[in-house]
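Comments concern the structure below.
Note on naming: letters A, B, ... go to the chains in the order of the sequence lines (proteins, then strands), and numbering restarts at 1 for each one. It should be emphasised that the depicted structure is a prediction, and the values quoted were computed from it without experimental measurement.
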Amino acid sequence: MPAKLHFRQIQYIDDFIKDERRNVGVIAYGDEGIFLRFLGQQLDDSIDLSSFSKISKLTKNNAWVFSEWVYWFRCLAEEYKDNQQELRPVLDKLLDDGSPFVAGNESVIDIPEHETALNAVNWLSDYLLPKALNKQEDFDFEEALNKFLQRNELIPQRRGFEKKLEIEFTPQGSSPIKIAVDYAVIDEPNSIFKVLEIKGSEKQMLKKVNDIVSTFERAVEHGFVTRDNCFLLTNKLPKPELMETVTTPLKRIYKVIDISGDSTTSAIY
Amino acid sequence: MPPTPYTLNRILKRSTRGITKVSLCTMSAYLKFDCDESPYCVYNEQVACQLAQTLHVPTAIGVVTIMPDGQAFASLKVWSTGIDMPNLTHRAAIIEVAKRYPEEVAALVAFDVFIGNNDREQNVKACVVSDHIHLFLAIDHSHCLLTIDDRAELSLDRLKSGELIVRTHPFYGFVDTKLLVNWVNRIAKLDEQYIEECCLMGQPLKAVTKGLQKDLAKALLIRQKMLPQIIDKIKKDIDIKYACKITF
């Protein structure tokens with residue numbers, strides 16, 4: 001007799017009045033334990049929030065909440081792994097509580113004799129969850145940059161914040177030296193930011209990176225900032241095997257921040 | 001503690017007057033009403049909110065508002081523009097929260113024991129895994145103060161008696177008691193006048209008469225003095241080093 005795997009779709013309700021639900025996960029349970037799969041789940045079990053963020057305007061602005069719910073479901077699975085009977089009422093209660101994430105009706109599949117529950121779960125998640133969108137094709141650098149700036153309160157209302165700033169140094173006995181930065185926070189300590197979108201040829205990238213490195217080096221040399229307060233905001237770090245000559249000067253910049261994706265960037269202030 | 005951002009719904013027109021040129025906007029909130037289960041809900045929420053703000057305990061901010069059938073309490077919606085955060089129900093999450101927000105946890109335990117809030121379970125919202133978000137907020141104070149027991153008079157007696165009242169708390173067994181003692185001292189040393197001002201509305205608020213408001217103020221002043229001893233009796237048992245759920 002084939003083993004059974006019970007499962008319920010984890011659904012996100014964007015609009016309670018319309019009751020439109022989107023599958024964002026699967027919880028499956030049987031003799032081999034409780035299994036979870038989520039939209040955007042990577043091989044290392046981290047969650048790429050970009051797919052969830054594309055569901056609606058709400059999710060676009062609050063994708064990080066999905067991470068919290070994923071954690072909640074994972075804690076749930078751990079807590080009830082030896083008591084699956086008690087799992088069902090907890091899942092049912094989500095809808096009663098008006099939670100934005102609910103569990104759909106329970107279904108059951110047979111696990112073929114030569115297959116494991118894990119393979120069955122993988123098949124289920126491929127079948128039930130929408131494919132993650134290609135991050136590269138849909139990535140909007142400007143949008144990601146604006147979100148990053150908002151998240152880190154690099155906004156005009158912030159004290160000392162400047163945009164497109166030109167700084168002039170006048171060393172004794174030498175001609176003035178000017179540098180230009182995309183953003184700066186003039187405070188104690190000063191911080192400067194340069195923005196670099198990774199696209200174009202390797203040659204173009206190298207030129208831009210060298211300009212940025214030169215800007216930072218001059219700012220540090222003339223005491224305007226410390227090395228720790230020079231930030232490069234970019235969309236992805238080039239893979240060494242693809243852009244070897246670019247990574248070398250990049251390594252000289254200590255704070256390189258990848259602004260793509262909601263979950264990857266920590267607040268820097 | 002970092003300030004908690006609240007969510008704007010819409011930004012409307014901007015005023016042309018004044019130096020700051022303010023913009024009119026709308027915000028989301030949860031409305032709470034007096035009900036059979038919590039007949040003094042609006043008053044309780046208002047007093048708890050004012051006390052928390054006075055003491056800098058991290059609770060959601062709210063305001064009393066007027067509805068057709070009287071006052072209600074509007075608790076401002078925190079941060080998220082529409083996606084509710086999960087409740088803090090699992091032990092693993094509670095441990096993470098206690099590690100990440102030790103000061104806030106200590107503040108909340110001290111505050112809940114002070115106001116007799118035995119209903120903190122599932123009434124905390126905290127960000128656990130999103131590193132760039134600092135969010136820890138206590139919500140819902142409908143079952144404390146005048147609603148500890150079935151009747152207001154019994155509730156006041158229990159507050160004055162020195163009884164622990166809060167026999168279970170999600171953070172018992174997970175609180176840094178060194179920080180807890182600091183918060184208890186902060187409450188114990190709070191000027192009496194501030195506690196009175198938090199309780200006295202200057203007029204009846206729904207079913208809560210001015211007399212009842214004065215009685216609550218007196219009860220809290222008595223409890224304030226006893227708080228260090230109340231906490232001292234349970235301190236050893238609720239310390240974070242045990243990392244396990246405790247019930248008294």
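Not less than 6.0 angstrom separates the ring centroid of B:His90 from the ring centroid of A:Tyr71.
Under a cut-off of 6.0 angstrom, the local environment of CD in A:Gln42 is crowded, with over 12 non-hydrogen atoms contributed by other residues, nucleotides or ligands.
Ring pair A:Phe101/A:Phe66 is parallel by interplanar angle, where below 30° counts as parallel and above 60° as perpendicular. Classification of the B:Phe111-B:His141 ring pair by plane angle, with boundaries at 30° and 60°, yields perpendicular.
In plain terms, the two heavy atoms of B:Arg100 and B:Ser130 that are nearest each other are NH2-O, 3.1 Å.
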Scan the side chains in residues 27-37 of chain A for donor-acceptor partners under 3.5 Å anywhere in the protein, sequence neighbours excluded, and list what turns up.
{"unit_1": "A:Tyr29", "atom_1": "OH", "unit_2": "A:Glu106", "atom_2": "OE1", "d": "2.5"}
{"unit_1": "A:Arg37", "atom_1": "NE", "unit_2": "A:Asn122", "atom_2": "OD1", "d": "3.0"}
{"unit_1": "A:Arg37", "atom_1": "NH2", "unit_2": "A:Asn122", "atom_2": "OD1", "d": "2.9"}

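Inspection of the B:Asp140 and B:Ser142 side chains reveals an N or O donor paired with an N or O acceptor under 3.5 Å.
There is no contact between A:Ile13 and chain B, counting heavy-atom distances below 4.5 Å. Heavy atoms of A:Glu79 lying under 4.5 Å from chain B belong exclusively to its side chain.
By a heavy-atom distance cut of under 4.5 Å, not one residue of residues 39-56 of chain B is near chain A.
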